[in-house]
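To start, the structure under review is shown below, and the notes come after it.
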Amino acid sequence: MKLLLIACLSPKTGNYATAVRIRSHIEKAGHTCELRDAADFASSTDVANLVSQSPPFEGVLVIHLFKAGRLLLDTQVPFGVIFGGTDINEDVKVEQKRVVMEQVLLRARFAVAFSDRLKEAAELFLRCQSSKIYVQPQGVQTEATEEFCWNEFLTSSGLDGQHEDDLRVFLLVCGLRRVKDPLYLLEAFSEWHQEDPLNVLIVIGPKVEAAVQRTAGVFLSPERSQQELHAAVKRSFAVVNSSISEGMSAAILEAMDLGVPVLARDVPGNAAIVQRERTGLLFASPQEFVHQSQRLLSDGELRERLVRNGKIYVEKHHSLTPERETYQRLVDTLLWA
């Protein structure tokens, strides 16, 4: 079976990694799967033309109900959709987008939500068949490069490399996008850094904002390959997520798998995978973030418990095997008449 997979493919992002992983699952079932960036298409007509080329595509899979799903409205081949997170958490608030997403969902053979909460939100805000939506948590696979140099990473992020073994690096993996809200913690973290200069926040992402560059204790690092990113996570004191909205944060799950504690903003997507005080710490304000970070610094037993439970949680709920089986089974439904 020849399949087309459309997603938002900014390089070195969680979305890109998810799309590549799902393509791998499909191809292991013996199908051909072509991965394309939603930004490559100006309209649904472009996708319809591509799909009908010889030899034609027999099915389409998209990640993100609005950004990619809207491109399928002129497509006649069967398709399935995977919720991205911002589609259900944010785009449904815009009436024009909501109407489009309902049209896409009505025609889709199936839809996949990363969590029960995301499925419940879709059922609440969109007219859809509940039986059409399947819950499949994201699978996690980490691989840290052995060639990673921590001192070079710190230096390239703007730190002078001194006291590198004493630094407590909080890592925010996001890219400077509005929904990731990297500016949320800047002021509170900077004040805390001035009290204790060994606490630093490094933001990894493809874009630079002047506000970040001017903030004491906050540093920027260019985007990295997945293997380099995982190596940086392993050397960090904690991984931070400050997003306004999340579907299911790959960075959080990868940190748990790598044995690093997580501090996450208390939004539904994060609360679905971070069990308060058990697999991570949640915060509802910048001040609470600092408080939780201080607890993590002073309470070794708390840190060990979060690391241990986080690893167990990922191994139990985010294995690649059930994810692979789910997508292979759902793709088969696209063959049905």
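FYI, the numbering just counts along the sequence from 1.
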Return yes if some donor-acceptor pair links the side-chain N/O of [X] with the main-chain N/O of [Y] below 3.5 Å, else return no.
| X | Y | answer |
| --- | --- | --- |
| Ser236 | Ala238 | no |
| Ser190 | Leu186 | no |
| Lys132 | Ala108 | yes |
| Arg107 | Thr75 | yes |

Pair Arg127-Glu102, salt bridge (Lys or Arg N to Asp or Glu O under 4.0 Å): steps then yes or no: CA-CA 6 Å; Arg127 288 181 295 174; Glu102 285 183 338; 3.2 Å; yes
side-chain hydrogen bond (donor to acceptor under 3.5 Å, both in side chains) between Ser285 and Glu288, intermediate numbers included: CA-CA 5 Å; Ser285 69; Glu288 187 177 8; 4.6 Å; no
Lys/Arg cation over aromatic Phe237: Arg303, 6.0 Å, 45° cone: yes
Indicate every side-chain donor-acceptor pair of residues 268-275 with a distance under 3.5 Å to a residue at least two apart or in another chain.
{"from": "Asn270", "atom 1": "ND2", "to": "Asn241", "atom 2": "OD1", "distance (Å)": "2.9"}
{"from": "Asn270", "atom 1": "ND2", "to": "Arg265", "atom 2": "O", "distance (Å)": "3.0"}

Looking only at side chains, do [X] and [Y] share a donor and an acceptor under 3.5 Å apart?
| X | Y | result |
| --- | --- | --- |
| Asp257 | Thr142 | yes |
| His230 | Glu143 | no |
| Ser130 | Glu123 | yes |

Nearest heavy atoms of Lys67 and Cys8, plus distance in Å: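 So the minimum-distance heavy-atom pair works out to CD-SG, 3.7 Å.
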Worked check of salt bridge (Lys or Arg N to Asp or Glu O under 4.0 Å) between Arg295 and Glu277: CA-CA 11 Å; Arg295 290 182 61 209; Glu277 305 288 325; 2.8 Å; yes
Ring geometry between Trp192 and Phe170 (parallel below 30°, tilted from 30 to 60°, perpendicular above 60°):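 Phe170 and Trp192: perpendicular rings.
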Step-by-step side-chain hydrogen bond (donor to acceptor under 3.5 Å, both in side chains) determination, Thr155 to Glu152: CA-CA 5 Å; Thr155 302; Glu152 184 277 328; over 6 Å; no
Joint hydrophobic cluster, Leu154 plus Val173, side-chain heavy atoms closer than 4.5 Å: yes
Would you say that [X] contacts [Y] through its side chain, given a criterion of any heavy-atom pair below 4.5 Å between the two side chains?
| X | Y | result |
| --- | --- | --- |
| Arg36 | Phe41 | yes |
| Cys128 | Ile133 | yes |
| Asp91 | Met101 | yes |

Qualifying ring-ring contact (aromatic ring centres under 6.0 Å, His included) pairs, either residue in residues 98-127, two or more places apart: none
Side chain to side chain contact (heavy atoms under 4.5 Å, CB included) partner of Ile63, chosen from Ile82, Leu9, Ile6: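 The option that passes is Ile82.
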